[in-house]
Amino acid sequence: MPGAPQCCCVPFFFFFLLVWWWPNFCLGGDPYVFFDWTVSYITAAPLGTKQEVIGINGQFPGPILNVTTNWNVVINVKNDLDEPLLLTWNGIQHRKNSWQDGVSGTNCPIPTGWNWTYQFQVKDQIGSFFYFPSQNYQRAAGGYGGIIISNRDVIPLPFLMPDGDITLFIGDWYTKNHKKQRKDIENGKDLGVPDGILINGFGPYHYDAAVVPEGIAYQTINVEPGKTYRLRVHNVGTSTSLNFRIQNHNLLLVETEGSYTVQQNYTNMDIHVGQSYSFLVTMDQNASSDYYIVASPQFVNSSDWDKAKGVGILHYSNSLGPASGPLPDPPNVLDTYFSMNQARSIRWNVSAGAARPNPQGSFKYGEITVTDVYVILNRPAELIDGKWRTTLNGISYLPPATPLKLAQQFNISGVYKLDFPYRLMKRPAKLDTSVINGSYKAFMEIIFQNNDTNVQSYHLDGYAFFVVGMDFGVWTENSRGTYNKWDGVARSTTQVFPGAWTAILVYLDNPGIWNLRSENLNSWYLGLEVYVNVVNPEIDQSEPLLPDNTIYCGLLSSLQKDQAQRVKFSSAASMSGAGRRVLLAFVVISVVCYLFNEVKDV
Ligand SMILES: *[C@@H]1O[C@H](CO)[C@@H](O)[C@H](O)[C@H]1NC(C)=O
Ligand SMILES: *[C@@H]1O[C@H](CO)[C@@H](O)[C@H](O)[C@H]1NC(C)=O
Ligand SMILES: *[C@@H]1O[C@H](CO)[C@@H](O)[C@H](O)[C@H]1NC(C)=O
Ligand SMILES: *[C@@H]1O[C@H](CO)[C@@H](O)[C@H](O)[C@H]1NC(C)=O
Ligand SMILES: *[C@@H]1O[C@H](CO)[C@@H](O)[C@H](O)[C@H]1NC(C)=O
Ligand SMILES: *[C@@H]1O[C@H](CO)[C@@H](O)[C@H](O)[C@H]1NC(C)=O
Ligand SMILES: *[C@@H]1O[C@H](CO)[C@@H](O)[C@H](O)[C@H]1NC(C)=O
Ligand SMILES: *[C@@H]1O[C@H](CO)[C@@H](O)[C@H](O)[C@H]1NC(C)=O
Ligand SMILES: *[C@@H]1O[C@H](CO)[C@@H](O)[C@H](O)[C@H]1NC(C)=O
C-alpha cells in the first residue's frame, strides 16, 4: 500500500509538505523532509532460490535517503515484520541526540505492528552512509538502504560535479534465513562459505557456466561514454571483506564516510563490512564490450569460495557486446600486508571544505593531547556460562531490558556500570553491561587489538574518528611513533586485521550514549560491542529531552501506552477547490521565497 500512493492523496501530501516546509523556507531555517517507510518481508530470489528478505516499502535494497547538510529528516517507520525492529543510521552523527540512534542501548525496539517516527538533523555532515536494521541479525536479510548527504551550494565540491550518482551495495549473502543464521551463531557454528555475494540485491552475472546457474538476475549499470559517475559503494554484508573493482576502469577515491580524501586512483579497493566509499569512475574505454563489476571475498583460501563472487555489468550505451572472458584479477587474496598498505594510503584532504566552509584539516587532531587511552582486545567466540560469546577486554556485552539511555534519563541505577576496563584484565571472561565512561570533550585514543583470525570492522556511532595507525603484531607505547598525526582520514568504520592493531583518536564533543560495535554481524550478535557514555557536566541542557513518542520497555514498561491498531500512512482525503487555491498560494509564495533566498545567498 505505501509506496503506491493513490492519485487523490498526492496533492494532499504536497499540501502538507508545503505547510511544514514553508516557514523554514522563508525564514531561512533548515528544511524538513518526511517519509513513511513500511518494513516488511518480501519474497526475492537473489541467488535463484526464493526466500524472505526484508524490504522497505516493498523495495530491496530500501529507498535512498537523499538529503543536504543540516536538513531535518522525519521518517515514520512501520514495523510489519514478525519481530521487533530498530533502524540505525550508520555514520549519521545525531549531534547531541542519541535518542534517534536506533540501537538497543538507546531505544526500545519497535514492536511488531507498531510504528515509530525518527526525527533527526543531518547537522554538519556530508557524504555516503547507509541505514540498516540493528536488531536480531536482521541485516543478514536486507532492510538496508543508502544515505546521501550533499553539500550545501555555498561549499564547493573538491571535484567537478559528476554526471551521475550511483549507489552500490555489496555484501555476502546466505540463502538460509536470518533466524536460522542467528540460531547457528548462537550454537557456535561457523557461517561457512556464503551462498553468494550480492550487488544491489542481485546475484552474479552469468560469467562462468560452471559457477553461476542460468536465469539469475544481475545488476546492470547503464552509462554514457566519456561521462564521469560517482559510485558510492557500501559493504552491507555479514562478515566478509570484499575486493571491489571494475574491469579496465580506474576508481578515483574521493570520499569515505563523510570525509573527502586525497584523490587517488585505485584499480581495486578492499571494502570491509560496514564501510562506505565514493569513487569517481570515468567512462574512458572504447566499449568494445560491456565490463565486469566485481566484488570478491578477500583473505579466504579455499576453492569453495570461488562460487561466491559478486558480478555486475557496466554497460556503455554504445557497447558492442556482452562482457566475456575471465573476471579482472583481485590482488593476492591472502595478502593482508597489501591490504593494510592500501588502507594506510587513504589520506584526508586537509584543504578541502566539507560540510562547513573551513577546510577539513583546520581541526589539527595531531596537536591535541590525548586524555584517555583504551586498548580493546577482541578474541574469537568462546563458551561463557555455557553460551558462545565474543568479548572485548574479556567482557561480552549483555544488553539490558531497559535501554541504557532510558535508564540514565530516569535515574534508574543498576542497569549498567561505567567500569569498562582500559585494558584486558587478568580475570575470567564474563557477560556484563559495562560501559565506557567517556568524559565530555576528552580526546580519546582507542587501540583495537584483533586476536581473532578474521578481519574485524569497528564502528562508532555519534562520531567520526581519526584512523591514525595500523600494524601487525601487538601494540605498544612505541607504536605511537608510527602514527599519522597529520592527514589520517576521519571516518566511522575501520578494519582491524587479524593479529594486528588499529589506533583511532576521537574527540568526545557529542554528548549521548554511543554504540561502539563490530560491524561483523556474527561477532556483534555474540556480544562484540560496548557503549561510550558522554555527559556534558554543565547541566546538560544541550541534549534534547526525551522525545515525546518514546517507546518504553524493561523496567519502564508501565509507562507505555498501547499504540492504536493499524496505523494508516496515506490519508485518502481528496482536495476541495478551496484547498487547491490555498495550495496554489503556497506554491507561489514558496517560489518567491526560494528566489529571495537564492538572491540572498549570492
Ligand atoms: C538527490 O537529490 C538531488 C536534488 O536535491 C538530485 O539532484 C539528485 O539527483 C538526487 N540523487 C539521487 C542519487 O537520487
Ligand atoms: C505512527 O504513525 C501515525 C500516523 O502517521 C503518527 O501520527 C504517529 O505519530 C506515529 N507514532 C509514532 C510513535 O511515531
Ligand atoms: C583537495 O581539495 C582541494 C580543494 O577542494 C582540491 O582542489 C584538491 O584537488 C584536492 N587535492 C587532492 C590531492 O585530492
Ligand atoms: C586517474 O585515472 C584517470 C584515467 O582513468 C586519469 O585520467 C586521471 O588523471 C587519474 N587521476 C589521478 C589523480 O591520478
Ligand atoms: C578497445 O580496447 C581494447 C583493450 O583496451 C583493445 O583490445 C581493443 O582492440 C580496442 N578496440 C577498438 C575497436 O579500439
Ligand atoms: C589458508 O589455508 C592454510 C592451510 O590450509 C591455513 O593454515 C590458513 O589459516 C588459511 N588461511 C585463511 C586466511 O583461511
Ligand atoms: C534525575 O536526577 C537528576 C539529578 O540527579 C534530576 O535533576 C532529575 O530530575 C532526575 N530525573 C528524573 C526523571 O527523576
Ligand atoms: C566518570 O568520569 C568522570 C570524569 O570524567 C568522573 O568524574 C566520574 O567519577 C567517572 N564515573 C565513574 C563511575 O567512574
Ligand atoms: C592471540 O593471543 C595469543 C596469546 O597472546 C597469541 O598466541 C596469538 O598469536 C594471538 N592471535 C592473534 C591472531 O592475534
Side-chain angles (χ1 to χ4, degrees), residues 1-3 5 9 12-13 16-17 20 32 34-39 57 72-80 84-87 99-100 102 107-120 157-160 162-163 223 225-231 245-255 260-269 278-292 314 316 318-326 328 345-347 349 351-352 406 546-553 559-573:
M1 254 248 292
C9 58
F12 200 73
F13 172 71
F16 267 104
L17 207 67
W20 276 98
Y32 278 77
F34 297 85
F35 302 94
D36 280 324
W37 286 359
T38 299
V39 182
N57 293 349
N72 294 286
V73 180
V74 183
I75 308 184
N76 191 356
V77 175
K78 170 96 197 300
N79 178 11
D80 268 354
L85 168 77
L86 282 174
L87 288 183
W99 290 115
Q100 306 296 324
N107 300 77
C108 298
I110 308 168
T112 299
W114 288 34
N115 67 303
W116 195 67
T117 306
Y118 288 85
Q119 176 167 343
F120 54 86
L157 280 170
F159 42 83
L160 287 177
D163 298 302
V223 294
K227 300 215 155 152
T228 296
Y229 296 80
R230 180 171 184 171
L231 263 61
R245 54 199 185 273
I246 304 180
Q247 190 176 28
N248 287 11
H249 289 76
N250 270 334
L251 305 170
L252 182 68
L253 176 67
V254 292
E255 180 250 345
Y260 292 120
T261 62
V262 168
Q263 294 167 21
Q264 293 179 82
N265 276 321
Y266 293 86
T267 50
N268 63 77
M269 176 66 74
S278 283
F279 305 104
L280 297 185
V281 182
T282 300
M283 301 308 145
D284 55 6
Q285 296 300 298
N286 62 21
S288 53
S289 71
D290 290 347
Y291 300 94
Y292 294 123
L314 184 73
Y316 282 46
N318 61 341
S319 168
L320 297 177
S324 60
S345 73
I346 300 170
R347 300 296 173 98
N349 181 336
S351 64
L406 273 177
L546 185 74
D548 47 16
N549 61 357
T550 297
I551 296 176
Y552 297 97
C553 55
L559 297 177
Q560 183 61 45
K561 297 187 194 68
D562 271 351
Q563 193 167 55
Q565 274 305 297
R566 299 300 313 173
V567 203
K568 272 233 166 107
F569 280 160
S570 43
S571 160

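Both ligands and their constituent atoms are indexed starting at 1 by order of listing. Residue numbers count from 1 along this sequence.
Within a 4.0 Å radius of atom 2 (O) of ligand 4, the protein contributes at least one heavy atom. Checking atom 9 (O) of ligand 5 against the protein gives no heavy-atom contact under 4.0 Å.
Defined by atom type and a distance below 3.5 Å, a donor-acceptor pair is present between the side-chain atoms of Trp116 and Asn549. With 3.5 Å as the limit, one finds no donor-acceptor pair spanning the side chains of Asp80 and Thr38. In this structure, a donor-acceptor pair under 3.5 Å is absent between the side chains of Thr282 and Asp284.
Considering only heavy atoms from C-beta on, Leu251 stays 4.5 Å or farther from Gln264 through its side chain. Residues Thr261 and Asn349 have side chains not in contact (no heavy-atom distance under 4.5 Å, counting atoms from C-beta outward).
Protein heavy atom nearest atom 4 (C) of ligand 5, with residue, atom name and distance: Asn248 ND2, 4.5 Å. Ranking the protein heavy atoms by distance from atom 12 (C) of ligand 5 puts Asn286 ND2, 3.1 Å first. Nearest protein neighbour of atom 14 (O) of ligand 4, counting heavy atoms only, is Asn265 ND2, 3.0 Å.
When each atom of ligand 2 is checked for a heavy atom of Thr117 under 4.0 Å away, the hits are 10 (C), 12 (C), 14 (O). Ligand-side atoms of ligand 2 in range of Asn549: 13 (C), 14 (O), range being under 4.0 angstrom from any heavy atom.
Among Asn115, Asp36, Val39, Leu86, the one residue that satisfies the side chain to side chain contact (heavy atoms under 4.5 Å, CB included) test with Val77 is Val39.
On a distance-only criterion, Asn250 and ligand 4 share at least one N/O pair closer than 3.5 Å. Geometrically, ligand 2 and Trp116 share no nitrogen or oxygen pair separated by less than 3.5 Å. Considering both main-chain and side-chain atoms, Asp36 never comes within under 3.5 Å of ligand 2 through any nitrogen or oxygen pair. On a distance-only criterion, Ser288 and ligand 5 share no N/O pair closer than 3.5 Å.
Under 4.0 angstrom from ligand 2, the non-hydrogen atoms of Asn76 all belong to its side chain. Residue-level proximity to ligand 4 for Asp284 is carried by the side chain, the only part with a heavy atom below 4.0 angstrom.
In Leu320, the CG atom is crowded: over 12 heavy atoms of neighbouring residues, nucleotides or ligands sit closer than 6.0 Å.
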Please step through ring pair (Phe, Tyr, Trp, His ring centres under 6.0 Å) for the pair Tyr291 and Tyr316, ending with a clear verdict. CA-CA 9 Å; Tyr291 300 94; Tyr316 282 46; 5.5 Å; yes
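Counting all heavy atoms, side chain and backbone alike, Pro162 lies closest to Leu280 at CG-CD2, 4.0 Å.
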